Amino acid sequence: MNRTDIAIVGGGIVGLATAYQLSQRFPDLVVTVLEKESKLAEHQTGHNSGVLHSGIYYKPGSLKAINCRDGKKAMEAFCAAENIPYEICGKVIVATREAELPALERIFERGQANGVACEMIGPDRLHELEPHVAGIRAIHVPEAGIVNYRRVCERLAEIVQERNGRVLTGAKVEHIHRSNGHLVISSHTGEIETRYLVNCAGLQSDRITALSGEHPSVKIIPFRGEYYEVKHQAQHLCRNLIYPVPDPNFPFLGVHFTRMITGGVECGPNAVLAFAREGYTKKDVNLRDLAETLGYSGFRTIAAKYWKTGLGEMWRSFSKSAFVKALQRLVPEIEEDDLEPAPAGIRAQAVAPDGTIIDDFLIQETERIVNVCNAPSPAATASLNIGRLIVDKLATRF
Ligand SMILES: Cc1cc2nc3c(=O)[nH]c(=O)nc-3n(C[C@H](O)[C@H](O)[C@H](O)COP(=O)(O)OP(=O)(O)OC[C@H]3O[C@@H](n4cnc5c(N)ncnc54)[C@H](O)[C@@H]3O)c2cc1C
């Protein structure tokens, strides 16, 4: 049987960043990443907006705030050292109505508390930065940026392998059991015995927790985020990153315009309940996933509380013109004809049995296992620091 010191389930950015940090700090330990897909970063990491978040939104002192601030610096340093293109292009968070001003003010205060360089600006300065945006006030965040997280993952995996780590694709983990004080993981590539396990399985993280014999304290509810790509003719309408003021009741940031590091401009994502954890179109239904979601007390509580918002999001999902209307609040000149559908992403959002939407990152540990139970946005930005945090937790046991 193959042996390893630490097995990491999940070849998304959190799993790979953890493997990278482990191989850096403990070069004598063998690290093995097990990824079920034939390629790395095929789920959340490969379907996101590609934004390097500044940390402006998050509650001061939270894991999101701390790890986003430090993780962004680490990500920029990594990209610079490894010649991965990234750009600090800046972003604006735009209030279009008086009613949004108190929420905008609260974000600004959080930004200042988190040490984010940001400035409250009026319509004239907004016009200089983004001439096609209509807003009555905005926050300018010069330090926000863009990057391609798939590229980051490819390089992380190469470095882990250069340091004698293993990155196995096509290795779906199906069973985990204990034997002689070790864990034995059965995957599509065979059995592997490990001293420690790190669960970075994103949309499947609660199921990996259950496979390891623990009762997950939260369940993953999948929310699909649909995007449109802005056609060439209208790309001049967005210079960099244009965000609305988010609804403070939800963990999502609202449909935004994002210039991508690979070229072009995307807008989205909305947030609709996905009927399959890894189904990227409206037609994808996985009966097991759907039954688990609908049968979960936490989901039913959310549905009862937020059904109106949920219906609005679903309406925008089915009606392009409704989606465009949301975008026109930020950029009035954008038209339906300027947009074509782009691939969607699915967010893994952890929800507690009482319906609490887990806002912060959530990492739980047992004697031999570290479970990353909730790693939503900005976990890609923060990944190198989340990896460091996990290594700190494991280091006390080596
Ligand atoms: C639409 C969208 C937009 C976003 N925008 C941003 C952004 O702009 N900036 C930002 O910082 N963050 C953003 N995020 C969040 C960010 O993408 C995620 O927080 C991050 O990618 C999470 O990484 P992960 O490694 O935990 O999960 P994933 O990337 O989902 O990786 C988990 C991996 O585990 C594997 N896996 C699952 N089960 C098994 C199994 N049984 N055996 C083996 N492998 C398994 C999966 O195949 C997958 O590759 C966005 C997310 C979405 C969905």
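Read the numbers this way: they start at 1 and go in the same order the structure lists the ligands and their atoms. The shown structure was predicted, so the numbers you read here are calculated from the model rather than taken from an experiment.
Thr281 and Asp284 share a donor-acceptor pair across their side chains, judged by distance under 3.5 Å alone. Counting only N and O atoms by type, the side chains of Asp5 and Thr194 include no donor and acceptor under 3.5 Å apart. Side-chain polar atoms of Asn270 and Glu226 form a donor-acceptor pair below 3.5 angstrom. If you check the side chains of Ser217 and Gln364, you find a donor sitting under 3.5 Å from an acceptor. No donor-acceptor contact under 3.5 angstrom links the side chains of Glu191 and Asn2, judged on distance only. Using modelled atom types and a 3.5 Å distance limit, the side chains of His43 and Gln204 yield no donor-acceptor pair. Arg163 and Gln24 share a donor-acceptor pair across their side chains, judged by distance under 3.5 Å alone. For the residue pair Tyr149/Ser383, the side-chain donor-acceptor check at 3.5 Å is not satisfied.
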side-chain hydrogen bond (donor to acceptor under 3.5 Å, both in side chains) between Gln233 and Asp338, worked out:
CA-CA 7 Å; Gln233 70 216 31; Asp338 296 328; 3.0 Å; yes
For the pair Tyr196 and Phe398, evaluate ring-ring contact (aromatic ring centres under 6.0 Å, His included) and give the outcome as yes or no after the intermediate values.
CA-CA 10 Å; Tyr196 299 98; Phe398 296 152; 5.5 Å; yes
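Closest to atom 18 (C) of ligand 1 among all protein heavy atoms lies Ala375 O, 3.7 Å. Regarding atom 3 (C) of ligand 1, its nearest protein heavy-atom neighbour is Tyr227 OH, 3.3 Å. The closest protein non-hydrogen atom to atom 43 (C) of ligand 1 is Lys36 N, 3.3 Å. In terms of protein heavy-atom proximity, atom 34 (O) of ligand 1 is nearest to Gly10 CA, 3.2 Å. Nearest to atom 13 (C) of ligand 1 among the protein's heavy atoms is Ser377 OG, 3.5 Å. For atom 32 (C) of ligand 1, the nearest protein heavy atom (residue, atom name, distance) is Cys200 O, 3.4 Å. Of the protein's non-hydrogen atoms, the one nearest atom 31 (O) of ligand 1 is Gly12 CA, 3.4 Å.
Under 4.0 Å from ligand 1, not a single heavy atom of Ser383 appears. Using a 4.0 Å cut-off between heavy atoms, Leu40 makes no contact with ligand 1 at all.
Considering both main-chain and side-chain atoms, Gln44 comes within under 3.5 Å of ligand 1 through a nitrogen or oxygen pair. For ligand 1, the polar-atom distance check against Val173 finds a nitrogen or oxygen pair separated by under 3.5 Å. Residue Glu35 has at least one N or O atom closer than 3.5 Å to an N or O atom of ligand 1. Any N or O atom pair closer than 3.5 Å counts here, and Gly345 shares no such pair with ligand 1. For a threshold of 3.5 Å applied to N or O pairs, the pair formed by Thr45 and ligand 1 contains at least one separation below that value. When only interatomic distances are considered, the shortest N/O to N/O separation between Thr381 and ligand 1 falls below 3.5 Å.
Look at Phe223 and you'll find every heavy atom at least 4.0 Å from all atoms of ligand 1. Contact analysis puts Pro378 in contact with ligand 1, with a non-hydrogen atom separation below 4.0 angstrom. Contact annotation: Ala41 has no heavy atom less than 4.0 Å from any atom of ligand 1.
Near Leu34, with a cut-off below 4.0 Å to any heavy atom, the atoms of ligand 1 are 43 (C), 44 (N). Contact atoms of ligand 1 toward Ile208: 41 (N) (distance under 4.0 Å to a heavy atom of the residue). Of all the atoms in ligand 1, the ones that sit under 4.0 Å from a non-hydrogen atom of Ala171 are 42 (N), 43 (C). Those atoms of ligand 1 that come under 4.0 Å of a heavy atom in Val51, given as number and element, are 7 (C), 8 (O), 9 (N), 10 (C), 11 (O). Taking a cut-off of under 4.0 Å to the non-hydrogen atoms of Ala379, the atoms of ligand 1 that pass are 19 (O). Heavy-atom proximity to Ile346, at under 4.0 Å, picks out these atoms of ligand 1: 53 (C). Of all the atoms in ligand 1, the ones that sit under 4.0 Å from a non-hydrogen atom of Ala201 are 32 (C), 34 (O), 37 (C), 38 (N). Those atoms of ligand 1 that come under 4.0 Å of a heavy atom in His43, given as number and element, are 30 (O), 46 (C), 47 (O), 48 (C).
If you check each of His47, Arg150, Glu37 against atom 2 (C) of ligand 1, the one with the closest non-hydrogen atom is His47. The nearest non-hydrogen atom to atom 16 (C) of ligand 1, considering only Ile386, Asn48, Ile146, comes from Asn48. Nearest-heavy-atom check against atom 24 (P) of ligand 1 across Asn199, Asn270, Leu211, Val14 picks out Val14.
By the 30° and 60° cut-offs, the orientation of the rings of Tyr20 relative to Phe78 is perpendicular. Aromatic ring pairs are classed by plane angle as parallel below 30°, tilted from 30° to 60° and perpendicular above 60°; the pair His132 and His236 is perpendicular.
Taking each heavy atom of Ala380 and Ile13 in turn, the nearest pair found is CA-CG2, 3.8 Å. Taking each heavy atom of Ser212 and Ile369 in turn, the nearest pair found is CB-CD1, 3.5 Å.
Here Asp337 does not pair with Lys231 in a salt bridge; the nearest charged N to carboxylate O distance is not below 4.0 Å. Look at Arg106 and Glu109 and you find no salt bridge, because none of the NZ, NE, NH1 or NH2 atoms lies under 4.0 Å from a carboxylate O. Salt-bridge check for Arg155 with Glu162: passed, with a basic side-chain N closer than 4.0 Å to an acidic carboxylate O.
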